[in-house]
Amino acid sequence: MTETASRLGFCSITDARYLAQVVVMHRSLREALPGARTDVLCMDQPTRRALEAVDLPGLAPVALEELEQRDPELLTARPGRTTHEYSQT
């Protein structure tokens with residue numbers, strides 16, 4: 001594996017409904033690229049807590065509230081949108 005491949009980063013957005021798929025995706029990435037990192041935007045608190053509890057190497061859960069604090073303008077897009085629509089903003 002090249003040095004570049006070992007430092008690749010990935011991201012995903014999920015809520016509790018797709019938590020298992022994100023964990024499987026991350027494990028698969030780590031099998032192919034052991035140094036890979038996956039940042040996961042957690043659209044709900046149960047997802048964030050679950051990912052923190054399993055504590056997978058290379059996986060970093062990010063709370064939606066953390067992203068909203070970094071970019072307050074996001075909150076203006078939230079009213080009237082479903083979770084899925086908001087996650088794609």
*Show the numbers, then the answer: is there a side-chain contact (heavy atoms from CB on, under 4.5 Å) between D39 and F10?*
CA-CA 6 Å; D39 294 319; F10 299 89; over 6 Å; no
*Is there a donor-acceptor contact under 3.5 Å from the side chain of R81 to the main chain of A77?*
yes
*Is the shortest side-chain N to carboxylate O distance from R70 to E66 below 4.0 Å?*
yes
*Determine the minimum heavy-atom distance between S87 and I13, stating which atoms define it.*
O-CD1, 3.4 Å
*asked:* Show the nearest heavy-atom pair for residues A50 and L19, with the distance to one decimal.
replied: CB-CD2, 3.5 Å
*Do other residues, nucleotides or ligands put more than 12 heavy atoms under 6.0 Å from Q88 CD?*
yes
*With sequence neighbours excluded, tell me which residues meet salt bridge (charged side-chain N to carboxylate O under 4.0 Å, His left out) with E65.*
none
*asked:* Walk me through whether L67 and L41 qualify under side-chain contact (heavy atoms from CB on, under 4.5 Å).
replied: CA-CA 8 Å; L67 181 63; L41 178 61; 3.8 Å; yes
*Evaluate the side-chain contact (heavy atoms from CB on, under 4.5 Å) criterion for residues R37 and L29: first the C-alpha distance (whole Å), next the side-chain angles of each, then the deciding distance (0.1 Å), finally the verdict.*
CA-CA 9 Å; R37 175 184 169 94; L29 287 169; over 6 Å; no
_Donor-acceptor check, side chain of R30 to backbone of A36, threshold 3.5 angstrom: yes or no?_
yes
*Counting N and O atoms only, with roles assigned by atom type, does the side chain of T47 sit under 3.5 Å from a partner on the main chain of A16, one being a donor and the other an acceptor?*
yes
_Candidate pair T38 and M25, rule side-chain contact (heavy atoms from CB on, under 4.5 Å), full reasoning_ = CA-CA 9 Å; T38 306; M25 176 197 72; 4.0 Å; yes
_Shortest non-hydrogen separation from Y86 to E68 and the atoms involved_ = OH-OE2, 2.7 Å
_Under the criterion salt bridge (charged side-chain N to carboxylate O under 4.0 Å, His left out), I'd like the reasoning laid out for E31 against R27: C-alpha separation, chi angles, the key distance, then a yes or no._
CA-CA 6 Å; E31 282 180 23; R27 287 182 174 156; over 6 Å; no
*Using a 4.5 Å cut-off on heavy atoms from C-beta on, say whether the side chain of V40 contacts that of L51.*
yes
_Shared hydrophobic cluster for L56 and Y18 (ILVMFWY, side-chain gaps under 4.5 Å)_ = no
*Distance-minimising heavy-atom pair for P57 and H26*: O-NE2, 2.9 Å
*Looking at S12 and V22, what are the two nearest heavy atoms and their distance?*
OG-CG2, 3.8 Å
*What's the spacing between L64 CG and D44 CG if we round to 0.5 Å?*
9.0 Å
*Taking all heavy atoms of D15 and all of M43, pick out the closest pair and write down the distance.*
CB-CB, 4.1 Å
